[in-house]
Amino acid sequence: MKKYVIFLIVTLCIFLTGCEEKKEEIVMVTEAGFAPYEYYSGGEIVGVDVDIAKRIAEKLGKKLVVKDVAFDSIISEVKTGKSDFGAAGISYTEERAKEVDFTINYAESKQVILVRKNSTIKTVDDIKNKRVAVQLGTVADTYLSEEYPSVSLVREKKFLAAIQDLKDRKVDVVVMDELPAKELLTDDLIILENPLLIDEYGMVVRKGNQELLTAINDAIKEMKASGEIEKMILSHMGVEEKEKNETIWDRFYNSVIKDQRYEFILEGLRNTLLIALGAVMIGIFLGTVAAISRNIYENTGHLRILHWISKSYVSIIRGTPSTLQLMIIYYVIFKQTDIHIILVGILAFGLNSGAYVAEIIRAGINSIPKGQWEAGYSLGLSYGKVMRGIILPQAVKNILPALGNEFITLVKETSIGAYIGIVELTKASDIIASRTYDYFFPLILIAIIYFVITLCLSKLIGLMEKRLNNARN
Amino acid sequence: MLEIKKLKKKFGSKQVLKGINMTVEKGDIIGLIGPSGCGKSTLLRCMNLLEKPDSGEVIFEGDNLIDNKNFETLRRKIGMVFQQFNLFEHMTVLDNITYAPVKLKLMKKQEAEKEAKKLLKEIDLEGIMNQYPSQISGGQKQRVAIIRSLMMKPEMILFDEPTSALDPEMIGEVTNLMRKLARDGMTMVVVSHEMSFVKSFCTKVLFMSDGIIKEEGTSKEIFENPKDDKLKSFLSKINSY
Ligand SMILES: Nc1ncnc2c1ncn2[C@@H]1O[C@H](COP(=O)(O)OP(=O)(O)OP(=O)(O)O)[C@@H](O)[C@H]1O
Ligand SMILES: [Mg+2]
């Protein structure tokens, strides 16, 4: 046992030091669906925050890397040091200030109230007892939760979804930042004159990172004084001409073809397939090792430790949500390493799948009647020979269909990779919708893609099953 | 050839074997009879260690099998035939028969196949050698199983109710093969509920009850002159069917 632990620690250390410090890069983390502060344009993340960040990087003589994650992951990205600073129109709150250090303010933001044109809601006071949608984790969310306990809050992951809720009459009000609200205002919506509150945006750095904090503060002071920030805001307002969304063809064109938006889908597809494929291989490997080691222990008493590890592994993985596992692997285990995010995805999903594969293989082995073992043993065959030559070949027939299901599930599960910023299919459609304000085609398109992938998979499995049966008869 | 001393085995809290002593000499054909659930199969399975006894000894040609590092090699010499045949479902008849000797490097594949075909031919089964177990009859399956165990050139063969899963018209083909083995001098231990078969086939009969061997003797002694009360009532119940 001791030996295993030491070995593990040593390899981990080598791995960690090997990955450390080649930094000429400075990483900004954001959630790129918040024009004009950050948004995608032609495949790149741009916006006010990015412009400011570029200046900061320039001053520090480093190359800027912009990373796109879910808004509620930004603080932990910075806290764990996976990113150097966060800039995402982040309002100062006391809770956040406990986790990270805030820079001075660089922009003022009004949290405004959006309603449908014919709405009876005319003033701030009218929102009491109404259904209000906000983006999860934003200042509007915290503020309304505390100050307006009477409203029923709908917390969406994206404020675009909040807007959609408003249009679909699922809510009566959306509260969000003024600038993006103006960006996506459509004819059927209006912004109330008085804002709900006014707050100020700062950037965040890891607690105690005084050097970076000072550098950013200096840059912001300078740019504020010279009026540059204001200019940046203006330059990012209304740059995208309002897209015609009248005919279905317009909508398709805007969602897929314009600005080569299909490239997001292609990238998403590539990453989804890459992660699924890698995870399947790791899953089969881990699952086989776990299932076989358990069986060896149960039949021969050897491999006690490996059996124990396998058993714990399977029950821990099966007993926790996969999203959580993904985040733990990314934010806890690979906390301060530069490991490629796709690799994290492959490892996390592989680890997850392995536990289910182990159970599938175990069930497959157990489905073979005991008499097959006994006949093998009575001929003087060893455990290994019976397992390989007699049990497994028969078990495969029972394992294959279940394994096929597991992989179909796995392909779909990769969609939670967006949590840690992997641009897989679902995230890709999100990115497109954040530019077009139109969810229809991105969602339908990726639904079709998922369906085609899983359909191919089940056909493939079916084919293999058939060949297996033909070989027998 | 095989000696069992003070053999004990329990499942959970149930003491199934309470100290069995018995000896199998070369050429013996031993019938093991007794009421259902008395532990006949358990005893038989202890003889080749498919079931690990709690205590006692199983001595096969001078070696105690229990806690013996070599027991897998020793066990090759003790064949076993099961009630449910237990043919390997994913292999043809021929592969079933040749798999173990080839895997254990006792024979070359060609050699094993030649031997298997010879044995199949002797009982007119060479026609089914390329079929899978699911395609042949129960009687054929059990005869293939017997040949499979013969390929290991065993010193003795254990039979656990070899005919009780068979349709009546197929019983004969299996018992005929067993009689042929007997003529060739094979040592056998047979668990069976077919009293007429045991009576005519076995040279020695052991009656088990309450986890011990209650009575043993020649078939004539056991069936025509039983002494133990339990044996008497067991035989009278059987005969009243
Ligand atoms: N693996 C096991 N686990 C628990 N109990 C068992 C096991 N195998 C057998 N037994 C029990 O041990 C007792 C003896 O079983 P065994 O199969 O040896 O009887 P048997 O004499 O062969 O009976 P039958 O004539 O019905 O085949 C039975 O009560 C049975 O339920
Ligand atoms: Mg039995």
Side-chain angles (χ1 to χ4, degrees), chain A residues 288 291-292 295-304 307 360-403 461 463-473, chain B residues 41 44-45 47-52 65 69-92 95-106 130-135 141 144-154 156-160 165:
Chain A
T288 312
I292 302 282
N295 195 276
I296 289 177
Y297 177 71
E298 277 157 18
N299 279 282
T300 69
H302 296 305
L303 299 183
R304 212 165 65 95
H307 149 264
I360 289 168
I361 294 180
R362 206 165 75 93
I365 290 172
N366 290 345
S367 71
I368 304 304
K370 239 177 115 204
Q372 296 286 308
W373 286 97
E374 294 181 344
Y377 283 147
S378 75
L379 291 165
L381 295 169
S382 62
Y383 168 86
K385 289 196 168 75
V386 176
M387 185 62 144
R388 276 195 305 274
I390 294 161
I391 305 302
L392 282 182
Q394 296 186 65
V396 164
K397 206 181 76 172
N398 301 333
I399 290 172
L400 215 51
L403 217 50
I461 302 276
L463 220 71
M464 280 165 79
E465 272 174 64
K466 218 170 174 177
R467 279 186 54 177
L468 218 73
N469 283 334
N470 285 350
R472 179 99 27 111
N473 301 316
Chain B
S41 299
L44 202 68
R45 292 153 56 79
M47 291 183 196
N48 68 348
L49 245 58
L50 279 185
E51 214 71 76
K52 195 171 184 295
L65 291 186
K69 282 213 161 61
N70 247 342
F71 83 96
E72 272 172 5
T73 315
L74 294 169
R75 149 151 107 188
R76 292 175 193 171
K77 293 289 156 201
I78 308 173
M80 188 155 198
V81 174
F82 304 85
Q83 182 177 0
Q84 296 299 337
F85 329 124
N86 295 350
L87 292 184
F88 307 136
E89 296 293 326
H90 62 306
M91 293 181 189
T92 61
D95 289 339
N96 259 280
I97 298 172
T98 58
Y99 183 77
V102 172
K103 271 286 147 185
L104 293 169
K105 300 200 166 64
L106 303 174
N130 290 321
Q131 310 229 315
Y132 284 89
S134 57
Q135 298 166 308
K141 281 186 202 177
V144 170
I146 292 171
I147 289 177
R148 179 173 70 178
S149 72
L150 284 178
M151 288 293 284
M152 301 303 294
K153 309 229 160 45
M156 64 185 294
I157 302 182
L158 313 172
F159 291 84
D160 193 356

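Each chain gets a letter, A, B and so on, in the order its sequence line appears, and its residues count up from 1. It should be emphasised that the depicted structure is a prediction, and the values quoted were computed from it without experimental measurement.
- Separation of atoms CD (A/Glu374) and CZ (B/Arg45) is listed at 4.0 Å; rounding is to 0.5 Å.
- Annotation: the span from B/Gln84 atom CD to A/Gln372 atom CD amounts to 11.5 Å, rounded to 0.5 Å.
- In this structure, the portion of B/Tyr99 lying under 4.5 Å from any heavy atom of chain A is its side chain and not its backbone.
- With a 4.5 Å cut-off on non-hydrogen atoms, B/Leu87 touches chain A through its backbone but not through its side chain.
- Contacts between B/Glu72 and chain A at a heavy-atom distance below 4.5 Å involve backbone atoms as well as side-chain atoms.
- Rounding to the nearest 0.5 Å places CE of B/Met47 at 14.5 Å from OG of A/Ser378.
- Partners of A/Tyr297 by ring-ring contact (aromatic ring centres under 6.0 Å, His included), not counting sequence neighbours, listed by chain and number: A/His307.
- Using a 4.5 Å heavy-atom threshold, the side chains of A/Pro393 and B/Phe88 count as separate.
- In this structure B/Arg76 satisfies the side chain to side chain donor-acceptor pair (under 3.5 Å) test with no other residue, sequence neighbours excluded.
- Rounding to the nearest 0.5 Å gives a distance of 10.0 Å between CG of B/Asn48 and CG of A/Leu379.
- B/His90 places a side-chain heavy atom less than 4.5 Å from the side chain of A/Ile390.
- Residue B/Leu50 touches chain A through its side chain alone, counting heavy-atom pairs closer than 4.5 Å.
- When each of B/Arg148, B/Lys77, B/Gln131, B/Met151 is scored by its heavy-atom pairs under 4.5 Å with chain A, the top score falls to B/Arg148.
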